[in-house]
Amino acid sequence: MKLTLNIWRQKGPNDAGRIVKYEMPNVDEHMSFLEMLDVLNEDLIHKGEEPVTFEHDCREGICGCCGFMINGLPHGPQRGTTVCQLHMRQFHDGEELWLEPFRAKAFPVLKDLMVDRSAFDRIIAAGGYVSVNTGCAVDGNAIPIEKQSAEMAMDAAACIGCGACVASCPNASASLFTSAKIAHLGLLPQGQAERDRRAVRMVAQLMEEGFGYCTNTGECEALCPKGVKLENIARMNRDYLKAAILYREENASAGGA
Amino acid sequence: MAINLDAKIPSGPIEQKWNKAKFDYKLVNPANKRKYSVIVVGTGLAGGAAAATLGELGYNVKAFCFQDSPRRAHSIAAQGGINAAKNYQNDGDSVFRLFYDTVKGGDFRAREANVYRLAEISVSIIDQCVAQGVPFAREYGGVLANRSFGGAQVSRTFYARGQTGQQLLLGCYQALERQIDAGRVKMYARHEMLDVIVIDGRARGIVTRNLVTGAIDVHIADAVALATGGYGNVFYLSTNAKGSNATAIWRAYKKGAAFANPCFTQIHPTCIPVSGEYQSKLTLMSESLRNDGRIWVPKKQGDTRASGQIPEDERDYYLERMYPSFGNLSPRDIASRAAKRVCDEGRGVGPGGLGVYLDFSDAIGRLGKKTIEERYGNLFEIYERITGEDPYSVPMRIYPAVHYTMGGLWVDYNLESTVPGLFVLGEANFSDHGANRLGASALMQGLADGYFVAPYTIGNYLASIKPGGVDEDHPECRLAKEEAEARIQTLLGIKGKKTVDEFHRALGKIMWDKCGMARNAAGLEEALPQIQALREEFWQNVTVPGSGAEVNQSLEKATRLADFLELGELMVRDARVREESCGGHFREEYQTEEGEALRDDEKFCHGAVWEYQGSEQAPVRHMEPLIFEHVHLTQRSYK
């Protein structure tokens, strides 16, 4: 099939950037979307031009590296699919596509379709963990976990941290991402001890990074490639409200022998 | 430099070696730990676990990864599970059985003491991961669930749907982020290691390139740990992530770290077949699918009927036929070769005849679609997205693909390479899987090395040295930095006619054809000059657009490929000299009458350890003899 691509080209973080049009005369329907861009890039290099920079690594839909907007949708038109798993049979001959980076204040563009998502790491660092040093764990079967809780925790833990939720949100909110971790750990007995602290600290970091507020538009859930649910945000809000009242940072004056 | 291949295996009975070692290791006083710094390269299961644990212990850690976040490391893509000798199923598992299965599965080419320790530690890994909140699959009673994997007759594999690697890595990443927040680990994401710095015979630091700004920097530490994964991408097409590369271990090799068993490559039997010339990578379908899927091809050559049109008695369930006791759960090397054999006989299915069926219709009939969906739903979805076919109604088509490399930098029992102070963890080392890795054992080894072995052994090393003493202005640091810069300038300045990917595909084809699933002397002898010629052409005719002072993905690929072009040659040399078949290394000249791998324990019951001799001379092959005291050397049989 024949496709026309309009791709955002931006040399670096300080460049203004612009859309450049490329014709793809011969696209195989069995190619993945990124393989099509590989073909374009090989062609550009042969012509002495710079290839289009896009992030990718595993190409199996699990590492969360890839992701950009195709016609205004993060990861493109197929539901539940990262762009590396999107195949060209989802498009038709003669189609014109617009490829742009994920846009958010907290995701500055580094080059072309590549953005900086390190804000996500800082949100996790703020409390998205169970504080258990290596070596001090009890037997894996010592604490039974209801199958349903384990399954629901797994549903939330399936988040790949790609940023599609932020890119799809009119407020550029990272609530789905943050709440997925809060829900994952909050649904398990191991996550209870730090549940309040986690909610307070992660939400504070979320705001610190410059993401917008959640107004329950639900775009994030609709466009999440891993099907992470909006109900996680409700869990986060509940945990946060409770913790905002009950949680206090520990008193620094404690000490002793 | 004289090479020291003392494996430093502790004395005493095998069950007590690790405890004895831990007691004998020297300790660093808690107050002194922060004076020592450790560099960890790679943030997958091995590196992430090591960096987090070393941080928890109080050392100053600098962690590096080339991806934009430590959570992206390729451990994340592991699907099926992680083994542990918990015996929760009461089916006769034990530490000794896991040890035995791993040594046998590795075709008797791994060091017994290391494997025993791995099996012993396996149980603690599960406990640690559960404590971190890894959402493993559970039974209704709330206890952990298990599944079976190839090469084992007990059910000891723990899993989190088809995303076990992801969940284990996230546990590890979260532990790492906790240490980053605590200020005990400094994280350098989007940094690629380009060289290791050796001063006075000890590893003292690394040279990195910042992949955003292009800055080349030197980082100094008291010890360096490489956990940079395997080198399967030497084949271009593999199940590895696109960025997975051998540069860190290859640079270390050129600085004196010996490389062991480079030719031991695992070809995974169940991957989605290649669909066209544009193919950029291969996607694995978890081995766990073989629990319920039955593998077959038509009995007749060139049978082009649709799968549903071929009656039961005209199908050859060849694994069940050839290996009745393990059947579809035969180990990976055996299942891969069997697939190749039936395709070579002209009985393969799908385009080009390079595929076999993995059929779930019996299991769906027996258990219902819902159960199958619960077990493998996400894998079925991946398959459908890639191929456009629905595996609930037509059988999957699969074919073997390069998946894992058992070879890697030689390490002793302490995971220390032949360069003092340079430790190697996870897939990057050669230690535990011999000539073939069993399924669900890579995650086990990565986490064992990272959480439970390296933090002890690195501590022992640090206790024997004084912290600090060199800085970034040391002549060796300046030299390593200048060399890295010059190499990049050379690559950018060639401005030839062919792209990096074109060279990489060409290398991959040579490696797959001549040093892939089956190898022979004639092919390997042809491959050597072909790789050398390709490498020469690369340095004269590659084109790398852009500059070094910005994000430049072509340049990243070029520096990685330059090292693959050297490593490929070493793999071929190793495969040529090893005149036997064992595990993933199948030399066509050495097979039984039934076509099984024929080992030669008289001549090759050893690890082949290669020492770099400079670019002008061929490397030297040393041997680390393997002694089997607990598992008897026998021909593997899965019949």
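Lettering follows sequence order; numbering is per chain, from 1.
Side-chain N or O atoms of A:Asp57 include one that pairs as donor or acceptor with a backbone N or O of B:Gly243 at under 3.5 Å. Side chain of B:Glu177 to backbone of A:Ala126: no donor-acceptor contact under 3.5 angstrom is found. With hydrogens and angles disregarded, no donor-acceptor distance shorter than 3.5 Å links the side chain of A:His184 to the backbone of B:Pro135. Proximity of a side-chain donor or acceptor of B:Arg178 to a complementary backbone N or O of A:Val130 within less than 3.5 Å is not detected. Between the side chain of B:Glu56 and the backbone N or O of A:Thr134, at least one donor-acceptor pair lies under 3.5 Å. A:Glu50 places no side-chain N or O within 3.5 Å of a backbone atom of B:Gly546 that could act as its donor or acceptor partner. Proximity of a side-chain donor or acceptor of A:Arg89 to a complementary backbone N or O of B:Ile386 within less than 3.5 Å is detected.
Using a 4.5 Å cut-off on side-chain heavy atoms (C-beta onward), A:His30 and B:Tyr278 make contact. Using a 4.5 Å cut-off on side-chain heavy atoms (C-beta onward), A:Arg117 and B:Asp68 make contact. At least one side-chain heavy atom of A:His46 sits less than 4.5 Å from a side-chain heavy atom of B:Glu502. The side-chain heavy atoms of B:Arg161 and A:Asp155, taken from C-beta on, include a pair separated by under 4.5 Å. A heavy-atom distance below 4.5 Å is not found between the side chains of A:Tyr129 and B:Leu176. Using a 4.5 Å cut-off on side-chain heavy atoms (C-beta onward), B:Asp181 and A:Arg201 make contact. Between A:Ile62 and B:Gln79, every side-chain heavy-atom pair lies at or beyond the 4.5 Å cut-off. A heavy-atom distance below 4.5 Å is not found between the side chains of B:Gln553 and A:Pro51.
Pairing each heavy atom of B:Tyr173 with each of A:Phe120, the nearest pair is OH-O, 4.2 Å. The two residues B:Ile382 and A:Gln85 have their closest heavy-atom pair at CG2-OE1, 3.5 Å. Of all heavy-atom pairs between A:Ala150 and B:Phe136, the closest is CB-O, 4.1 Å. Of all non-hydrogen atoms in B:Ala160 and A:Met154, the two that sit nearest each other are CB-SD, 4.0 Å. Considering every non-hydrogen atom in both B:Arg72 and A:Ile160, the closest pair reads NH1-O, 3.1 Å. For the pair B:Thr499 and A:Glu42, the tightest heavy-atom approach, listed with the atom from each and the gap, is OG1-OE1, 2.6 Å.
Ranked by non-hydrogen atom pairs under 4.5 Å with chain B, the options A:Gln90, A:Glu55, A:Glu151, A:His56 are led by A:Glu55. The choice from A:Lys11, A:His87, A:Gln190 that makes the most heavy-atom pairs within less than 4.5 Å of chain B is A:His87. Chain B forms more heavy-atom pairs under 4.5 Å with one residue of A:Met31, A:Glu146, A:Lys181 than with any other, namely A:Met31. Chain B forms more heavy-atom pairs under 4.5 Å with one residue of A:Asp38, A:Thr81, A:Leu185 than with any other, namely A:Thr81. Ranked by heavy-atom pairs shorter than 4.5 Å toward chain B, the options A:Gly128, A:Gly191, A:Ser131 are led by A:Ser131. With chain B as the partner, the residue from A:Ile124, A:Leu188, A:Asp121 showing the most heavy-atom pairs under 4.5 Å is A:Asp121.
Summarising the local packing, CD of A:Gln148 is surrounded by 12 or fewer heavy atoms from other residues, nucleotides or ligands at distances under 6.0 Å.
Proximity to chain A is absent for every atom of B:Leu447, based on heavy atoms less than 4.5 angstrom apart. For A:Ala158, the parts lying under 4.5 angstrom from a heavy atom of chain B are both the backbone and the side chain. Interface residue B:Ser69: backbone and side-chain heavy atoms are both found under 4.5 Å from chain A. Contact annotation for B:Gln128: both backbone and side-chain heavy atoms come within less than 4.5 Å of a heavy atom of chain A. Residue contact with chain B, scored on non-hydrogen atoms closer than 4.5 Å, is absent for A:Val27. Heavy atoms closer than 4.5 Å to chain A are found in the backbone of B:Thr387, but not in its side chain. With a threshold of 4.5 angstrom between heavy atoms, A:Val132 approaches chain B through its backbone and through its side chain. Interface residue B:Ala77: backbone and side-chain heavy atoms are both found under 4.5 Å from chain A. Heavy-atom distances place both the backbone and the side chain of B:Gln132 under 4.5 Å from chain A. Contacts between B:Ser280 and chain A at a heavy-atom distance below 4.5 Å involve backbone atoms as well as side-chain atoms.
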Evaluate the criterion side-chain contact (heavy atoms from CB on, under 4.5 Å) for residue pair A:Asp139 and B:Lys86; output intermediate values, then yes/no.
CA-CA 10 Å; A:Asp139 185 84; B:Lys86 282 285 198 187; 3.0 Å; yes
With side-chain contact (heavy atoms from CB on, under 4.5 Å) as the criterion, how do A:Lys226 and B:Gln166 come out once you've worked through the C-alpha distance, each side chain's angles and the decisive distance to 0.1 Å?
CA-CA 13 Å; A:Lys226 295 294 152 184; B:Gln166 178 200 28; 6.0 Å; no
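Checked against B:Val143 for a side-chain contact (heavy atoms from CB on, under 4.5 Å), the options A:Ile143, A:Asn141, A:Ile145 give a single hit: A:Asn141.
Ion pairing of B:Arg190 with A:Asp116 is absent here, as no side-chain N (NZ or NE/NH1/NH2) approaches a carboxylate O to less than 4.0 Å.
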